[in-house]
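Below you'll find the structure, written out as structure tokens, and then a few comments.
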Amino acid sequence: MLPNMAHNKEHEAEPRVYGYIRTASVVLTHIICVTFTVVIAVLCRPGKSWFSWHPFCMTLAFSFFMTEAILLFSPHGSLGRWFSHKTKVRIHWILQYLSVSCALCGLAAIIKNKELSGKPHFTSWHGLLGLITVCVAVVQAVAAIPLIYHSLVKGWSLAKLKRYHAASGLVTYLLGSITLLLGLSSEWFSAAFRESIWFLIAFCPIAAALDIMNQVSRAYMVKKRLQS
């Protein structure tokens with residue numbers, strides 16, 4: 001059976017209400033990642049200090065750019081659903097490299113702030129995991145180059161590279177989400193909101209991560225079923 005025919009039959013067999021639910025979930029994730037980023041920007045007012053750039057850049061990197069880069073390939077609620085696959089790939093890379101650039105700026109800002117205040121670097125779980133996450137994001141971006149220039153890697157099929165890229169990308173995204181949550185647990189952020197509001201804001205990266213996990217896992221489970 002041809003892959004397209006199998007995909008169409010599988011899609012038709014699925015109740016339509018599931019598609020509506022998934023579309024609503026993706027739309028909600030778009031709203032969540034934008035709202036969360038705006039809330040952090042308003043709270044930290046980037047530019048008033050070196051530290052203010054840290055939460056802003058990290059949130060922009062992992063909550064906005066990286067989330068939108070992945071959602072671009074969602075079959076439900078993608079903002080680029082009318083774009084060709086080639087165009088989506090280009091936009092995906094642009095968003096991901098913007099994400100890495102913002103993450104590096106956020107890391108540089110907190111290092112500069114620590115040096116000015118005379119405080120030690122990376123002494124908390126948030127700081128250590130944040131450093132690891134930025135390093136992993138950089139490696140992920142560099143490792144994605146063979147997907148664009150496949151001739152650089154011999155003996156590896158493009159399909160296998162895409163699977164590894166998706167799996168490692170999901171790990172990177174989850175690391176970023178956990179780092180954001182640890183940042184929200186800091187005294188600086190906890191003191192800014194009442195407990196009920198804090199839980200509502202902290203739920204944003206959790207909800208987005210769950211939706212991204214669902215998208216990536218479903219995409220590759222479907223491909224595996226079609227190939228079997």
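A donor-acceptor pair is defined here as one N or O able to donate and one able to accept, closer than 3.5 Å; no such pair exists between the side chain of H54 and the backbone of N113. The closest donor-acceptor contact from the side chain of Y97 to the backbone of A141 lies under 3.5 Å. Under a 3.5 Å cut-off, the side chain of S177 and the backbone N or O of Y173 do form a donor-acceptor pair. Using a distance-only test at 3.5 Å, with no hydrogens or angles considered, no donor-acceptor pair links the side chain of T29 to the main chain of A208. Side-chain atoms of S186 come within 3.5 Å of backbone N or O of G183 as a donor-acceptor pair.
Linking ILVMFWY side-chain heavy atoms closer than 4.5 Å, directly or via other members, places L71 and I31 in two distinct hydrophobic clusters. In the hydrophobic clustering of this structure, I178 does not group with F122; members are Ile, Leu, Val, Met, Phe, Trp, Tyr whose side-chain heavy atoms approach within less than 4.5 Å, directly or through other members. The cluster map of Ile, Leu, Val, Met, Phe, Trp and Tyr, joined by side-chain heavy atoms under 4.5 Å apart, puts F62 and V39 in the same cluster. Note: the hydrophobic cluster containing I197 also contains L180 (ILVMFWY, side chain heavy atoms under 4.5 Å, direct or indirect links). Using a 4.5 Å cut-off between side-chain heavy atoms of Ile, Leu, Val, Met, Phe, Trp and Tyr, with links allowed through other members, I70 and V139 fall into different hydrophobic clusters.
Among residue pairs with one or both ends in residues 120-144, those qualifying as side chain to side chain donor-acceptor pair (under 3.5 Å) are T133-T179, Q140-H165, Q140-S168; sequence neighbours excluded.
Taking each heavy atom of F51 and I110 in turn, the nearest pair found is CD1-CD1, 3.6 Å. For the residue pair C57 and C102, the shortest heavy atom distance occurs at CB-O, 3.3 Å. When all heavy atoms of F73 and Q215 are compared, the pair lying nearest together is C-NE2, 3.8 Å. Across P205 and A202, no two heavy atoms sit closer than the pair CD-O, 3.3 Å. Counting all heavy atoms, side chain and backbone alike, L79 lies closest to E68 at CD1-OE1, 3.6 Å. Smallest separation of non-hydrogen atoms from L174 and A209: CD2-CB, 4.0 Å.
Distance CG/L131 to SG/C135: 4.5 Å, rounded to 0.5 Å. To the nearest 0.5 Å, the span separating OG on S49 from NZ on K112 amounts to 13.0 Å. Atom OG in S196 sits 9.5 Å away from atom CD1 in I201 (nearest 0.5 Å). Atoms CD1 and CG, from I206 and L181 in turn, are 5.0 Å apart once rounded to the nearest 0.5 Å. Distance check, rounded to the nearest 0.5 Å: CH2 of W50 to CD1 of I111 gives 11.0 Å. In this structure, CG in L170 is found 8.0 Å from OG in S217, a value given to the nearest 0.5 Å.
F193 places a side-chain heavy atom less than 4.5 Å from the side chain of L43. With contacts defined as side-chain heavy-atom distances shorter than 4.5 Å, the pair L107/M58 qualifies.
The neighbour count for K86 NZ, taken as heavy atoms of other residues, nucleotides or ligands under 6.0 Å away, does not exceed 12. Counting non-hydrogen atoms of neighbouring residues, nucleotides and ligands closer than 6.0 angstrom, the CH2 atom of W93 exceeds 12 such neighbours. Annotation: F203, atom CZ; neighbour count of heavy atoms from other residues, nucleotides and ligands within 6.0 Å does not exceed 12.
Applying the 4.5 Å side-chain rule to ILVMFWY residues, one finds V34, V38, V42, W53, F56, L60, F64, F65, L72, F83, I91, I94, L98 in the same cluster as L95.
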Next item on the list: Apply side chain to side chain contact (heavy atoms under 4.5 Å, CB included) to the pair I148 and V89, showing each step before the final yes or no.
Entry: CA-CA 9 Å; I148 306 175; V89 169; 5.9 Å; no
Item checked: Stepwise side chain to side chain contact (heavy atoms under 4.5 Å, CB included) test for L184 and F36 -> CA-CA 11 Å; L184 296 178; F36 181 72; 4.0 Å; yes
